[in-house]
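Before any comments, here is the structure.
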Number of protein chains: 2
Amino acid sequence: MTTSEPTAPRNGRRRSSDPTVHDVAERAGVSPMTVSRVLSGGKNVRIEVQERVEKAVAELGYHRNENARSLRPGQRSGLVGVTITNIANPYYAEMLGGVEEVASEHSRRILVGNSNEDAELERQLVADFIGRRVEGLIVVPSGSGTADHLRPDRLGGVPIVLASRAAADVDADTVLIDDVNGARQATAALLAEGHRRIAFLGNRLSVFTGQRRLDGFRLAHQARGLTPIDELVRLGQQDVSSAEIAMTELLALPSPPTAVFSANNRNTIGAIRAIVNLQRRQLEQNPGTEPAASRLRLFGFDTFDFADMSPVQLSVVDHDARELGRRAAQMLFDRLENTSNSASPRVIELPVTLRQMP
Amino acid sequence: MTTSEPTAPRNGRRRSSDPTVHDVAERAGVSPMTVSRVLSGGKNVRIEVQERVEKAVAELGYHRNENARSLRPGQRSGLVGVTITNIANPYYAEMLGGVEEVASEHSRRILVGNSNEDAELERQLVADFIGRRVEGLIVVPSGSGTADHLRPDRLGGVPIVLASRAAADVDADTVLIDDVNGARQATAALLAEGHRRIAFLGNRLSVFTGQRRLDGFRLAHQARGLTPIDELVRLGQQDVSSAEIAMTELLALPSPPTAVFSANNRNTIGAIRAIVNLQRRQLEQNPGTEPAASRLRLFGFDTFDFADMSPVQLSVVDHDARELGRRAAQMLFDRLENTSNSASPRVIELPVTLRQMP
DNA sequence: CTGTTAGCGCTTTCAA
DNA sequence: TTGAAAGCGCTAACAG
């Protein structure tokens with residue numbers, strides 16, 4: 001299988017390791033430098049020599065060591081580091097897809113880490129990424145702890161773009177969804193329909209979007225001289241099942257809400273489950289009649305696979321996770337490749353669309 | 001901000017670049033070797049010197065260059081390369097989460113690439129990953145072209161685990177879902193209920209799981225001396241909207257199916273949409289009566305967020321994408337860390353669960 | 001406990 | 001058009 005000297009360490013170097021430029025050079029009867037030249041496009045190399053080198057590369061199964069390569073000054077690592085708070089959440093997965101798409105267009109690979117909403121883990125990930133000499137970072141800041149480790153002056157000159165959430169005291173390029181307006185408009189629509197007892201289901205307030213969406217909910221009320229009803233505001237549901245429980249509790253109140261604004265898709269799905277369960281119970285008790293729970297009005301932030309098939313009347317504040325990822329990556333490559341390197345941080349907010357599900 | 005000589009290139013080396021062990025050593029008044037020792041745990045270094053070095057590290061914002069580090073023989077890159085066919089598909093996103101989880105437990109990072117079902121892109125990704133000296137590869141083989149580039153002898157000794165799909169002529173560790181059995185059992189259940197005109201909605205047959213799930217569908221028929229009805233078998237729907245179209249066509253046949261087996265969640269969702277649309281049309285024409293489409297029986301491979309709220313009676317073949325990712329990663333680290341390195345490739349099939357949605 | 005030397009694989013000079 | 005030398009940042013091996 002190998003070329004010659006079956007067992008002995010050829011050249012005094014350990015064998016059975018990856019082939020190097022040296023090995024390729026030897027086999028092609030040229031110097032390592034010529035191999036290097038062929039590998040970077042073959043400028044100033046006789047075509048015949050190029051072919052000889054390429055043959056040796058193929059025969060040896062040679063792969064240029066990118067790590068060694070990136071060691072030379074002026075060479076880029078070709079890597080972008082991305083940390084998200086929950087890889088398994090389809091929303092961030094979609095966002096990651098957008099990042100990958102743009103990175104790929106720029107011939108970069110993405111290193112992916114899951115911070116799991118843990119600031120310390122996020123700090124470690126970012127440090128590791130910098131150690132690997134990523135050219136830039138895209139971070140969905142975790143919703144816990146401080147974010148000092150994300151401050152541009154702590155990153156050794158590696159540009160960073162925050163996505164989906166801003167972070168306190170971090171003055172960096174940021175791409176956000178227009179949470180406040182989305183929540184405000186949705187709530188305003190419910191108020192315009194005459195609802196006065198509107199529930200709010202949302203994330204912890206330490207999560208940036210959680211706070212912003214509650215702000216929008218409040219603003220819409222204020223615009224009519226109203227205040228949200230405290231007992232109808234439930235925060236801290238991170239997953240579908242806790243949202244379902246919270247919604248079930250709301251429905252069991254002496255004076256239950258007539259409408260619900262849910263601040264993310266996990267809460268929306270949980271709310272739907274709770275409502276459907278109540279409908280079933282009501283139908284069992286009063287067969288044939290329209291269950292009272294059917295009149296409940298639901299407006300949710302985010303969409304999901306099946307939103308238009310919801311068994312409960314539903315409207316959504318729609319936005320595009322993939323576009324979020326794309327824009328974040330574009331901002332990063334702007335910094336990387338344009339001379340506008342020193343421009344002050346930009347914050348952009350992507351618009352949302354209110355959508356009535358059929 | 002910097003230490004001394006504000007502008008002049010200190011030490012003859014270019015300034016304003018990342019600090020190196022050398023810089024840290026100088027600032028701490030020790031040799032680079034001592035810095036290296038402190039950074040790798042501080043064995044055999046006076047505690048007082050350790051503190052001095054750590055102080056210098058912090059002040060300089062030093063990050064050890066992992067690429068340079070991995071250059072030394074015997075050092076591992078700490079990277080695992082993962083290619084999936086569609087990052088944005090929640091199923092693979094979930095799988096990626098499982099891979100990341102296990103990789104993280106083993107202190108490894110994941111490099112992620114999207115092959116987009118394109119064999120050539122996949123080949124490039126794998127070559128790039130090997131060039132970056134990943135310690136192992138986890139690949140969901142693309143459903144197009146040949147897979148020669150995945151053969152273990154072409155990977156320069158980097159271990160590979162195939163996930164979710166096998167690849168022709170590639171004899172490697174593989175983790176699969178038990179597609180054949182899942183599809184067989186689901187189809188058998190429909191046949192046992194008395195259905196004889198069962199539609200099949202699925203992927204292209206060049207996609208491994210597509211072929212296997214159709215095999216299971218066939219086997220269940222054969223076990224009863226039956227054959228699938230050709231005009232009811234629709235292949236090649238890759239997304240929800242094409243699945244909806246295919247299902248709509250089936251429903252418009254002179255003799256439509258009485259039951260449907262859909263081979264993945266995209267097709268299931270498309271089928272549900274088509275059925276719901278037909279129900280609505282039938283209700284408009286004959287208000288008050290139970291629409292004929294409501295009697296249609298649906299059995300789908302994969303679950304999704306809202307499966308239990310489906311407006312159409314639904315059963316699913318459930319399986320765990322996250323577990324698939326975990327197991328693939330575990331197999332990889334088995335190869336990497338155990339001495340069982342030379343064992344012949346293993347193929348494991350993860351069980352599925354048949355689940356009646358309430 | 002600490003420093004010196006050497007070299008990992010690659011490519012940018014510079015010289016031939 | 002080609003090659004030799006040097007060094008990117010790091011750490012084993014060997015002094016001291």
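Bear in mind that the values here come from a model prediction, so they are computed numbers and not experimental data. When reading the values below, keep in mind they use all heavy atoms of this one structure, side chains included, and skip hydrogens, waters and symmetry mates. Order of the sequence lines sets the chain letters (A, B, ...), proteins ahead of strands, with each chain counted from 1.
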Checking contacts here: which listed nucleotide ([options]) is nearest the side-chain heavy atoms of [X]?
{"X": "Val49(B)", "options": "dT2(C), dG3(D), dG9(D)", "value": "dT2(C)"}
{"X": "Arg46(B)", "options": "dT2(C), dT11(C), dG9(D)", "value": "dT2(C)"}
{"X": "Asn44(B)", "options": "dG7(D), dT11(D), dT2(C)", "value": "dT2(C)"}
{"X": "Met33(A)", "options": "dG9(D), dT11(C), dC10(C)", "value": "dT11(C)"}
{"X": "Arg72(A)", "options": "dC10(C), dG3(C), dT11(D)", "value": "dC10(C)"}
{"X": "Asn65(A)", "options": "dG3(D), dT11(D), dC10(C)", "value": "dC10(C)"}
{"X": "Arg64(B)", "options": "dG9(C), dT12(C), dT11(D)", "value": "dT11(D)"}
{"X": "Ser36(B)", "options": "dT11(C), dG9(C), dT11(D)", "value": "dT11(D)"}

With the threshold set at 4.0 Å, does a side-chain nitrogen-carboxylate oxygen contact exist between [X] and [Y]?
{"X": "Lys55(A)", "Y": "Glu51(A)", "value": "no"}
{"X": "Arg165(A)", "Y": "Glu117(A)", "value": "yes"}
{"X": "Arg132(B)", "Y": "Asp128(B)", "value": "yes"}

OP1 or OP2 of [N] sitting under 4.0 Å from any side-chain N/O of [X]?
{"X": "Gln75(A)", "N": "dT12(C)", "result": "yes"}
{"X": "Thr34(A)", "N": "dG3(D)", "result": "yes"}
{"X": "Ser31(B)", "N": "dT4(C)", "result": "no"}

Please classify the nucleic acid contact of Arg37(A) as base, sugar-phosphate, or nothing, using heavy-atom distances under 4.0 Å.
base

Between Arg69(A) and Val30(B), which is nearer to the 5' end of DNA chain C once each is assigned its nearest nucleotide?
Val30(B)

What is the distance, rounded to the nearest whole Å, between atom CD of Glu66(A) and atom C1' of dC8(D)?
15 Å

Quick one: His22(A) NE2 to dA4(D) P, roughly how many Å, whole number?
10 Å

For the backbone of Val80(B) and the side chain of Glu135(B), can you confirm whether one donor and one acceptor N or O come within less than 3.5 Å of each other?
no

